[in-house]
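In what follows, a single structure is set out as structure tokens and then discussed.
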Amino acid sequence: MEEPKTICFTIDGQEAVAAPGETVLDAAKRLAIDIPTLCHHPGLEPYGACRLCVVEAFREEHSTIVPSCIHTPEDGDRIETDSERVRRTRKVVLELLLARCPDVEVLQRLGDEYGVEAERFPVSTTGDWQDKCILCGLCVRVCSQGVRRNAIGYAGRGGERCVTSPFAGRAEACIACGACVFVCPTGALHVEDTDTERVMVEIGARLPLLACRACGRTFTTQASFQLMHQRQLIPETTLCTCPDCRRAETRSLAEKVLTGQRTATSR
Amino acid sequence: MNTDVQTRVETVLDAAIARHGVGASALLPILQDLNSILGYLSEDALRRIADQAKVPSAQVYHLATFYKAFSLKPRGRHILKVCLGTACHVRGAPKVLDELGRLLEVAAGETTKDGAFTLETVNCIGACALGPVIVIDGQFYHAAPGSIEGLLRDFLAGKAEAIPTVGGDETVTVDERTRIQTAGVSVAVCGGTGCQAYGCEAVADAVAAQLAGVGLADCVEFVKTGCQGFCEQGPIVVVRPAGILYRNVTVADVPEIVRLTVVQGKPVERLLYRTADGQTITKESAIPFYAHQRRLIFGDNGRISPECIDDYIRKCDGYAALRKALAMAPETVIETIDKAGLRGRGGGGFPTGRKWWACRQARGGPKTVICNADEGDPGAYMDRSLLEGNPHRVLEGMIIGAYAIGANQGYVYVREEYPLAVKHIRSAIRQARDKGFLGVDILGSGLDFDVSVNRGAGAFVCGEETALIASLEGAAPEPRTRPPYPAQSGYKGRPTNINNVETWANVPVIISRGADYYANIGTEGSKGTKIFSLVGKVVNTGLVEVPLGMPLRNIIYDIGGGIPGGKEFKAVQTGGPSGGCLPAELLDLPIDYDELKKVGSMMGSGGLIVMDEDSCMVDVARYFLHFLLDESCGKCIPCREGLRQMCGILDRITVGDGAPADLEALEELAPAIVDGSLCALGRTAPNPVLSTLRYFRDEYEAHIREKRCPAGVCTALIRYDIDAETCTGCTACARKCPVTAIAGERKKLHTIDQDICIKCGICREACRFDAVVRT
Ligand SMILES: Cc1cc2nc3c(=O)[nH]c(=O)nc-3n(C[C@H](O)[C@H](O)[C@H](O)COP(=O)(O)O)c2cc1C
Ligand code: SF4
Ligand code: SF4
Ligand code: SF4
Ligand code: FES
Ligand code: FES
Ligand code: FES
């Protein structure tokens with residue numbers, strides 16, 4: 001095997017290094033250079049959809065605009081994260097997004113940063129929850145790559161593309177784990193708990209809740225519990241304890257350990 | 001749900017799974033089987049597919065809604081598709097769609113109340129020379145605006161196919177027979193898609209029957225060929241060795257052709273090609289359309305039967321290039337291709353030799369080669385014609401490529417609108433296997449290689465190589481960022497080499513004739529010949545093959561015969577939907593990869609759509625942008641949202657609501673879309689807008705400032721009136737008006753009610769006195 005070689009290049013004039021396969025975004029983070037992203041999540045495969053993270057990559061005289069969340073640098077590359085061309089591209093991307101989702105805070109904030117003035121493009125909202133969805137695909141990816149349920153996906157193509165449950169009905173494979181709500185950058189997705197059920201509002205799933213074995217409060221769905229259990233990720237007792245009680249139990253365990261009543265590994 | 005229906009779904013699904021297996025890569029073929037057999041994909045069917053093929057239903061639902069070929073609603077007994085491809089568009093397809101919608105009282109995508117017809121649209125079916133074209137239940141028809149009602153009536157009346165007539169009592173003398181035998185007479189009837197629309201099947205049957213009837217079946221060779229390129233003049237019949245070409249042949253003409261030409265060697269005058277000034281031309285090679293061409297790749301189409309490998313071997317020295325290549329080192333094969341200067345014919349123009357090297361040197365395996373026959377550019381149909389008319393040449397190219405690269409598996413990805421191409425390449429593969437050109441240890445060389453055929457399902461973006469690979473894998477056909485390039489990690493992560501149909505077809509020619517021969521044709525940076533699809537407003541439409549570097553003017557005027565009807569040339573659109581529109585000032589541009597790029601267009605797959613004074617350039621830009629928005633995968637924001645805004649702006653301009661700031665907005669959006677988009681669809685999508693703004697800005701200005709459409713296309717900006725002086729009251733216009741907007745008594749002045757008028761312009765064509773004026 002050859003030695004994996006470190007790649008040396010520059011970002012905004014600073015010396016940067018990347019291991020093979022590492023992206024410009026990874027390297028920039030280490031240098032504390034801020035690059036805005038919308039469709040990126042370190043735990044998920046990069047997707048390259050929002051194009052907000054674009055940077056200008058110079059190789060000799062020639063330069064191209066590339067997405068930093070996917071682009072892997074080569075030796076000697078010169079990367080500019082805040083060039084005129086980069087700012088211009090990001091600004092148009094934000095203008096376009098604001099025409100689609102005018103009420104999303106993170107977009108408004110970024111828009112201000114990039115000098116987006118009063119909307120130049122007519123707002124094309126539809127009046128449903130999709131008005132907050134930028135189609136970054138984080139929810140779809142976390143559900144398939146993280147939770148491995150594939151409960152939600154897309155429909156259509158081009159201007160008609162949208163995030164949806166299959167057949168635009170109830171997402172049958174959904175376990176209402178809430179991961180999609182958690183990763184959504186725009187707050188388009190919501191979860192609501194009733195006394196007994198967890199409702200995934202936009203995805204159309206309702207699942208019975210599980211009560212904490214210690215305090216009796218509901219905190220996760222039975223389906224999520226079962227999945228975690230099947231995958232043996234966490235011991236059953238820990239799983240069916242709500243986070244508050246779990247913290248309380250850990251605290252009391254810690255106290256006991258500290259006061260010498262128990263060893264940490266004995267249960 | 002009706003249990004009969006359920007059982008039927010089950011049966012069809014079981015059969016599909018038995019054929020294609022389960023898992024993601026079987027998903028698309030399964031969906032295609034069910035959609036075509038059951039007519040549509042019900043939710044129940046889709047759920048069962050997900051369940052039994054073991055694919056998440058979210059993925060099944062995405063594919064079912066992504067590909068245009070799938071219907072999620074039940075469809076009518078007859079499927080009527082209107083081609084809205086570019087060639088058809090400039091020849092009036094939107095009017096045809098309007099007219100059909102009105103007649104059937106449905107919009108596109110809907111089914112008539114009685115369940116008889118479903119009206120659909122399609123982006124090019126590869127019969128562009130005949131445009132505008134409609135397809136009813138798989139049969140092609142030329143549909144001139146204004147003639148639709150009659151066409152539908154004939155169709156419903158089931159007007160019988162003409163039956164071949166056989167002149168039974170004709171005899172052939174011994175002398176004649178000897179002459180025929182020594183001369184080696186053959187009759188070639190074009191069986192290509194274009195000619196089929198004109199009824200060539202019946203002509204071909206009639207020729208075969210007539211030859212048999214006069215006892216010549218054993219000594220005259222009868223070939224039903226693939227497309228010969230001159231489709232608009234179809235059905236085409238060529239009698240060799242004299243090389244006499246007949247066009248617009250009907251069944252009734254067949255006995256005469258056999259009697260006079262085959263038996264006596266004389267031409268049938270009235271079937272010969274006629275020039276604009278009425279001169280007849282006997283020989284195929286003397287017809288200007290052919291005389292200026294150089295048919296290195298395409299020429300054999302007119303001589304062979306595409307479903308007969310022996311024809312290919314005997315007449316085209318078929319598979320000799322393969323033998324020659326197998327005797328060379330793989331590296332030498334690549335060097336030869338590289339030295340010849342072959343560049344990819346699929347659009348990008350990337351040097352083929354270099355691409356092969358990259359794949360050969362890539363680590364990992366088994367390596368894969370793919371033939372990209374998705375031919376998405378509306379208005380271009382050379383790939384279709386090559387696959388239909390000479391599939392073995394493409395296949396031979398692929399086998400040589402596989403040897404050079406070291407690949408073991410091949411795929412041909414054909415768009416779903418091309419059933420005949422699928423049939424012919426499939427039969428070619430079977431025959432090649434029988435002869436030992438495919439399979440294990442090919443011709444004793446140690447190469448193991450086989451090829452299978454996959455069909456697309458109506459998505460332009462699938463022509464993009466990474467999307468095509470995703471489609472083959474059964475994933476949503478969304479492009480992904482390169483690098484890694486397919487050569488490093490392609491189909492299922494394997495090193496993959498993907499080339500266009502025409503690129504593959506060039507390979508055997510280069511190997512046979514040598515790199516130097518090939519490199520001598522063309523220009524400095526663009527070698528060899530290229531097949532162009534010359535369509536739109538030009539006298540001779542069809543496929544033309546010329547050396548790269550020929551000026552546009554020679555193609556359009558010498559080969560194409562100029563603009564019909566005494567109209568003025570306005571623009572030629574090159575490079576497919578994301579190409580550009582070039583004005584008259586650029587007619588002397590030598591056509592090659594680099595020259596086209598310099599002037600803001602591109603080669604694309606070789607569509608040349610000629611437009612005359614009746615085409616509105618803003619409308620053309622709007623047409624392409626809507627096409628691209630509709631065909632975009634929708635994944636990335638600059639493409640999806642940027643094109644959406646561009647379409648909105650162009651829509652506003654064409655209805656008269658444009659403002660001067662709109663042009664600025666277009667010009668600011670363009671670079672961001674070019675820079676920001678993920679794949680070349682988005683990266684090139686602003687071209688139609690930029691090139692029309694560059695060369696035809698005055699037309700934009702007229703729409704915006706004067707609220708006027710100079711070409712008279714944008715219906716919101718025009719009106720039709722009847723001139724009181726010239727109107728004779730003949731009633732012709734009133735009888736033709738589809739919405740009865742015209743009132744007036746016989747021999748009295750007629751008037752148009754502007755509130756009812758839909759601005760179809762049929763009245764203007766109907767009036768013999770030019771009394772209907774458009775302003
Ligand atoms: C949107 C889009 C559509 C494309 N469609 C086709 C096509 O229909 N046929 C084709 O051969 N190449 C098409 N291409 C180009 C392919 O991505 C690829 O470059 C080509 O198949 C490589 O073959 P070549 O090197 O022989 O040209 C398309 C590219 C894009 C971006
Ligand atoms: S809540 Fe449902 S849709 Fe969202 S990630 Fe979890 S399983 Fe998937
Ligand atoms: S719902 Fe949220 S996470 Fe999902 S695609 Fe839309 S914006 Fe992204
Ligand atoms: S540029 Fe268009 S077609 Fe290409 S990935 Fe982006 S959205 Fe899809
Ligand atoms: S974060 Fe890189 S494209 Fe969205
Ligand atoms: S057949 Fe209509 S454009 Fe090709
Ligand atoms: S189909 Fe017959 S010449 Fe093209």
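Residue numbering restarts at 1 for every chain, and letters A, B, ... go by the order of the sequence lines.
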Quiz item: Quick one: of L52(A), T89(A), L38(A), V66(A), who has the most non-hydrogen atom pairs under 4.5 Å with chain B?
Solution: T89(A)

Roughly how far, to the nearest 0.5 Å, is [atom2] of [Y] from [atom1] of [X]?
X	Y	atom1	atom2	answer
L135(A)	C636(B)	CG	SG	11.5 Å
L97(A)	I637(B)	CG	CD1	4.0 Å
T64(A)	R683(B)	OG1	CZ	7.0 Å

Flag side-chain contact, heavy atom, 4.5 Å: [X] against [Y]:
X	Y	value
K635(B)	Y47(A)	yes
D675(B)	V54(A)	no
P166(A)	V60(B)	no
F121(A)	L669(B)	yes
V92(A)	E668(B)	no
E631(B)	R157(A)	yes

With a 4.5 angstrom heavy-atom cut-off, which part of [X] approaches chain B: side chain, backbone, both or neither?
X	value
P46(A)	neither
I70(A)	side chain
S124(A)	side chain
A168(A)	both

Practice problem: Give the intermediate values and the outcome of side chain to side chain contact (heavy atoms under 4.5 Å, CB included) for residues E641(B) and E95(A). | Solution: CA-CA 10 Å; E641(B) 303 301 333; E95(A) 278 183 298; over 6 Å; no

What part of [X] gets closer than 4.5 Å to chain A, counting heavy atoms only: side chain, backbone, both or neither?
X	answer
T481(B)	side chain
I673(B)	neither
R652(B)	side chain
A459(B)	both
E43(B)	both

Where do [X] and [Y] come nearest, in terms of heavy atoms and distance?
X	Y	answer
Y61(B)	Y154(A)	CD2-O, 4.3 Å
L678(B)	G48(A)	CD1-O, 3.2 Å
Q645(B)	A99(A)	NE2-CB, 3.6 Å
T65(B)	A155(A)	OG1-CA, 3.3 Å
G156(A)	F66(B)	O-CD1, 3.7 Å
G676(B)	R51(A)	O-NE, 2.6 Å

Self-check item: R640(B) side chain to G159(A) backbone, donor-acceptor under 3.5 Å
Solution: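 Such a contact is absent between R640(B) side chain and G159(A) backbone.
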
Self-check item: R161(A) with E478(B): basic N within carboxylate O range, under 4.0 Å
Solution: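 Counted as a salt bridge, because a side-chain N and a carboxylate O are separated by less than 4.0 Å.
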
Got more than 12 heavy atoms from elsewhere within 6.0 Å of [atom1], [X]?
X	atom1	value
F350(B)	CZ	yes
E80(A)	CD	yes
K73(B)	NZ	no

Quiz prompt | Full working for salt bridge (charged side-chain N to carboxylate O under 4.0 Å, His left out) between E172(A) and R47(B) | solution = CA-CA 11 Å; E172(A) 282 162 7; R47(B) 283 182 189 280; 3.1 Å; yes

